[in-house]
Amino acid sequence: MFGNAKKETDIPESTLLEQVGTIIGPGAVIDGPLTTKDSTRIDGTVKGNVTISGALIVGQTGKIIGTASGVNIYVAGEINGNVSAPQGKVEISDTGKVIGDITCKGIIIDENAIFQGRCDMTGLDKSSAEIAKERMASDKESSDENSSDDENKDK
């Protein structure tokens, strides 16, 4: 009743903060590759590879038939092809569909989303155990520094 109404476009706040410079509207069809230097929203259909230097947003009516690459990729529509965001994240909303392999640093897949393919995570050079040890060491160092600062204040 209160606050449960779902917005028509459930786009993450971080994506909304990025300035969208290119919009492919509903009903538009692009036959061939699409390359832009700014963030792009696709609500139409692109039959070809999509290469974006910023964020890529595929709206609920959007469809890409080909590979898609960008810094961060948000899918509420459909992508039939491989998806690549090696330094960013890929998010597939509950209305999104990705048929193809994904390469990314982070991934979010909503409950009713469709993903058929393989996911390769980049930036996983260290094991989770090594990362945990580093965190504990840095936490210990910061607590040691704070206690030595407290001792110096007392003197």
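Given the structure is predicted, the values throughout are model-derived calculations rather than measurements. Keep in mind that the numbers below use all heavy atoms, side chains included, and drop hydrogens, waters and symmetry copies. For reference, positions follow the sequence shown, starting with 1.
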What distance do [X] atom [atom1] and [Y] atom [atom2] have between them, rounded to the nearest 0.5 Å?
| X | Y | atom1 | atom2 | result |
| --- | --- | --- | --- | --- |
| Ile64 | Leu56 | CD1 | CG | 5.0 Å |
| Ile99 | Gln116 | CD1 | CD | 4.5 Å |
| Lys97 | Ile114 | NZ | CD1 | 5.5 Å |
| Ser93 | Gln60 | OG | CD | 6.5 Å |
| Asn49 | Ser69 | CG | OG | 8.0 Å |
| Ile24 | Thr61 | CD1 | OG1 | 11.5 Å |

Might you point out which heavy atoms bring [X] and [Y] nearest each other, and give the distance in Å?
| X | Y | result |
| --- | --- | --- |
| Arg41 | Gly59 | NH2-CA, 3.8 Å |
| Pro86 | Thr122 | O-OG1, 2.6 Å |
| Ala85 | Val90 | CB-CG2, 4.0 Å |
| Lys105 | Met121 | O-CE, 3.1 Å |
| Gly32 | Val46 | O-CG1, 3.9 Å |
| Ile102 | Cys104 | CG2-SG, 3.8 Å |

Distance-only polar pair, side chains of Thr22 and Asp38, donor-acceptor under 3.5 Å
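Looking only at side-chain atoms, Asp38 and Thr22 do form a donor-acceptor pair, the distance falling under 3.5 Å.
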Got a sec, which residues hit salt bridge (charged side-chain N to carboxylate O under 4.0 Å, His left out) with Asp101, two or more places apart in sequence or on another chain?
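Scan of Asp101 (salt bridge (charged side-chain N to carboxylate O under 4.0 Å, His left out), adjacent residues dropped) gives none.
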All side-chain hydrogen bond (donor to acceptor under 3.5 Å, both in side chains) counterparts of Asp110, not counting sequence neighbours:
none
Not counting sequence neighbours, which residues clear side-chain hydrogen bond (donor to acceptor under 3.5 Å, both in side chains) with Asn82? List them please.
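Residues passing side-chain hydrogen bond (donor to acceptor under 3.5 Å, both in side chains) with Asn82: none at all.
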Checking the side chain of [X] only, and the main-chain atoms of [Y] only, is there a donor and an acceptor separated by less than 3.5 Å?
| X | Y | result |
| --- | --- | --- |
| Thr95 | Ala76 | yes |
| Asn72 | Gly88 | no |
| Thr45 | Val29 | no |

Linking I/L/V/M/F/W/Y whenever their side-chain heavy atoms sit closer than 4.5 Å, directly or via other members, would Ile79 and Ile109 fall into one cluster?
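Per the 4.5 Å side-chain linkage, Ile79 and Ile109 are co-clustered.
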If two hydrophobic side chains count as joined below 4.5 Å and joins carry through other members, does Ile65 share a cluster with Val98?
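No, it is not one cluster - the side chains of Ile65 and Val98 are not joined through contacts under 4.5 Å.
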Counting C-beta onward and ignoring hydrogens, is there a side-chain heavy-atom pair between Leu34 and Ile42 closer than 4.5 Å?
yes
Contact between Gln87 and Val71 at the side-chain level, heavy atoms closer than 4.5 Å - yes or no?
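When only atoms from C-beta onward are counted, Val71 and Gln87 do not touch, as no gap falls below 4.5 Å.
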Given side-chain contact (heavy atoms from CB on, under 4.5 Å), test Ile57 with Val20 step by step and report yes or no.
CA-CA 9 Å; Ile57 303 166; Val20 175; 4.1 Å; yes
